[in-house]
Amino acid sequence: MPPKSRKKNATPLNIMVTGFSGVGKTAFVRTFCETLNEQDADPIPELTGPLSRTEKPYPVSLDFDYEGERIALTVIDTPGFQVNTPIEKSLQEITEYIEQQFDLAIGEELKVKRNPKAVDTRVHACLYFLDANDRSLGANDLAILKRLSTRVNVIPVISKGDTLTIAQKAVIQPTIMHEIFDRYKIPIFGYPDLDEEEEFEVLDSVQEEDEEEEEQEEADTEDQNLPNGQEEKSQNAVDQQSSLYDEICNETDVDTLDEETRGLVEYLRKSPYVLISYEEDPSTGRPIVIKGDPYRQQQMDEEQMAMSPQPGSLNTNIIGRQYPWATLDCLNPQFSDFSILKTLLLSTHRKLLITETIERFYEGYRTERLLLRKANKTMSVVMGKKILEELHHI
């Protein structure tokens, strides 16, 4: 079902969450909305009660002020993919939901008199939740990412980050991004588009690569004669030289970039974001009360204060998880990328996400639909003429 109508002066932002069942999608939605719900406001009805399996897509909508701008946010939770079950049906349903929102926009555009109160329900970003227990992308992850990346800005994230050590995160994050960028070339949000000049350069380089193929084969033969350690080192050097991800994130001088491009590079360097959601009361689904340091907010720097759920408030309760040996604040960048992702979605990259949705995905889909409609119309005319000719000969 489409999101509810909201105030005209609020900027719409629609975010979808997807992933396998049990990876923490609904917990994220609750934590995300909890940090945005205005102080002393009533709990959002859709986010109360014990956590349960999501059976069908449902939107959670709220309006709030953020950095001086009114935002009409809709977060769409979706049923999780099931392990050991074909993903095609669930993936098709999610894709159709995204396309239905495009169809609504197309329908509104084609009206002679448009509805001034029409709400933009197009999905601007899709968070794909990866299992923290996986150390690389599986076949299903690849299929889902490839399909969704043709329809929406996909941002991969890792859930349940409190189960990972610092060393594990340092290995998993670049491994996944190298797979996305270099091995499988999946155009997630932030993946560079080749302009025409670069495309010609790529085509021209094909001939050079063919000419170098024999030389490479000779080099491979020499590597086979090297000891194992030296052979692996040689291969790693070749892989690093051909890494698009490293070229963007590790070899780019961000000081020479414009603000938008610099923001994308910084986002890619930290991706996929590792998230921790709050610990809920089993009976109500609300966050458990964790008392914080009464001087905590006074000691926070300006950046951390801007990321807090209610900046400047005197509420020192922590939204997080409590263990016998430690308390984790979900919004503390030292433990979780939750606040960094929140800032990306609501502030630094919000306009770019909306622009990409309209100019890349919506216009591409709209062109596909109009061409298909034209082809069907042409086919109908041709078939009609053919039928008339056959009747004429009878």
Side-chain angles (χ1 to χ4, degrees), residues 2-3 6 8-18 59 66-67 69-76 94-111 114-116 118-128 144-156 180-181 185-202 244 248 252 257-268 271 341 343-375:
R6 262 87 53 81
K8 181 180 179 181
N9 61 347
T11 302
L13 178 65
N14 307 311
I15 302 170
M16 173 180 281
V17 297
T18 62
Y66 195 85
E67 296 183 350
E69 187 170 357
R70 194 71 178 170
I71 296 179
L73 173 71
T74 295
V75 183
I76 306 107
I94 292 173
T95 305
E96 288 177 354
Y97 181 95
I98 297 172
E99 292 177 347
Q100 285 169 6
Q101 313 317 310
F102 287 156
D103 289 333
L104 290 175
I106 293 174
E108 186 62 32
E109 282 187 1
L110 296 177
K111 289 181 180 179
R114 299 181 183 180
N115 181 6
V119 178
D120 183 7
T121 62
R122 290 170 292 193
V123 180
H124 301 120
C126 176
L127 305 181
Y128 180 69
I144 295 168
L145 288 171
K146 287 179 180 178
R147 173 78 72 85
L148 294 181
S149 292
T150 65
R151 287 290 182 255
V152 67
N153 293 303
V154 176
I155 300 176
I180 290 174
F181 268 68
K185 298 177 175 56
I186 304 173
I188 63 169
F189 178 63
Y191 192 94
D193 289 328
L194 292 177
D195 57 27
E196 291 185 1
E197 181 179 349
E198 289 173 321
E199 287 176 357
F200 283 124
E201 289 178 358
V202 171
L244 175 61
I248 294 173
T252 301
L257 305 176
D258 58 69
E259 184 177 355
E260 181 178 290
T261 307
R262 186 187 307 117
L264 281 174
V265 171
E266 291 174 350
Y267 141 71
L268 291 173
S271 294
L341 175 62
T343 301
L344 178 147
L345 294 172
L346 302 182
S347 178
T348 57
H349 293 64
R350 172 169 53 87
K351 292 182 180 178
L352 180 58
L353 288 167
I354 294 174
T355 300
E356 283 284 289
T357 298
I358 296 173
E359 297 182 357
R360 178 182 175 187
F361 297 107
Y362 172 67
E363 287 300 330
Y365 178 81
R366 180 177 178 275
T367 300
E368 289 178 15
R369 299 300 296 176
L370 293 178
L371 288 176
L372 180 60
R373 184 179 300 178
K374 182 177 180 180

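Atoms considered below: every heavy atom in the structure, side chains included; atoms not considered: hydrogens, waters and symmetry mates. Numbers here simply count residues along the sequence, with the first being 1.
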Test item: side-chain donor near acceptor, Asn153 and Thr357, under 3.5 Å:
yes
side-chain contact (heavy atoms from CB on, under 4.5 Å) filter on Glu363, not counting sequence neighbours, yields Arg366
Closest non-hydrogen atoms of Asn14 and Asp120, given as atom of the first, atom of the second and distance, are ND2-O, 2.9 Å
Go through it in stages, so that I can follow the logic: the residues are Lys351 and Glu69, the test is salt bridge (charged side-chain N to carboxylate O under 4.0 Å, His left out), and I'd like the CA-CA distance, side-chain angles, deciding distance and then a yes or no.
CA-CA 12 Å; Lys351 292 182 180 178; Glu69 187 170 357; 5.3 Å; no
To the closest 0.5 Å, what do you measure between SG (Cys126) and CD1 (Ile76)?
9.0 Å
Parallel under 30°, tilted from 30 to 60°, perpendicular over 60°: which one fits the rings of Phe189 and Tyr267?
tilted
Considering only heavy atoms from C-beta outward, does the side chain of Tyr191 approach that of Ile248 to under 4.5 Å?
no
Interatomic spacing from CD in Glu96 to CD1 in Ile94 - rounded to 0.5 Å
11.0 Å
Spell out, as yes or no, whether a donor-acceptor pair under 3.5 Å connects the side chain of Ser149 to the backbone of Lys146.
no
Would Arg151 and Glu368 pass as an ion pair if we require N to O under 4.0 Å?
yes
Residue of the set Thr18, Val75, Leu341 for which side chain to side chain contact (heavy atoms under 4.5 Å, CB included) holds with Leu127
Leu341
Can you name the closest pair of heavy atoms from Glu67 and Ser347 and give their distance?
OE1-OG, 2.8 Å
When you compare the side chain of Arg350 with that of Leu353, does any pair of heavy atoms fall below 4.5 Å?
no
Between Ile98 and Met16, is there a side-chain heavy-atom distance shorter than 4.5 Å?
yes
To the nearest 0.5 Å, how far apart are CD1 in Ile186 and CZ in Arg147?
13.5 Å
Non-hydrogen side-chain atoms of Pro192 and Leu244 separated by less than 4.5 Å
yes
When every non-hydrogen atom of Leu13 is compared with those of Leu345, the smallest separation belongs to CD2-O, 3.4 Å
Is any side-chain heavy atom of Val119 less than 4.5 Å from a side-chain heavy atom of Thr74?
no
Does a salt bridge link Glu259 with Arg262, judged by any charged N lying under 4.0 Å from a carboxylate O?
no
Who passes ring pair (Phe, Tyr, Trp, His ring centres under 6.0 Å) against Tyr128, sequence neighbours left out?
none
Heavy-atom pair with the smallest gap, counting every atom of Leu148 and Thr95
CD2-OG1, 4.2 Å
Ignoring hydrogens, what is the shortest heavy-atom contact between His349 and Gly263? Give both atom names and the distance.
NE2-O, 3.1 Å
d(Gln101 CD, Tyr365 OH) to nearest 0.5 Å is 10.5 Å
If you compare all heavy atoms of Phe181 against all heavy atoms of Gly190, which two are closest, and at what distance to 0.1 Å?
CZ-O, 4.2 Å
I'd like to know if the side chain of Arg114 reaches the main chain of Glu109, judged simply by a donor and an acceptor atom lying under 3.5 Å from each other, with no hydrogens or angles considered.
yes
Would Arg122 count as a cation-pi partner of Tyr362, with NZ or CZ less than 6.0 Å from the six-membered ring centre and within 45° of the ring normal?
yes
Walk me through it: do Thr121 and Tyr97 pass the test side-chain contact (heavy atoms from CB on, under 4.5 Å)?
CA-CA 10 Å; Thr121 62; Tyr97 181 95; over 6 Å; no
Can you find a pair of side-chain heavy atoms, one from Leu264 and one from Leu352, that are under 4.5 Å apart?
yes
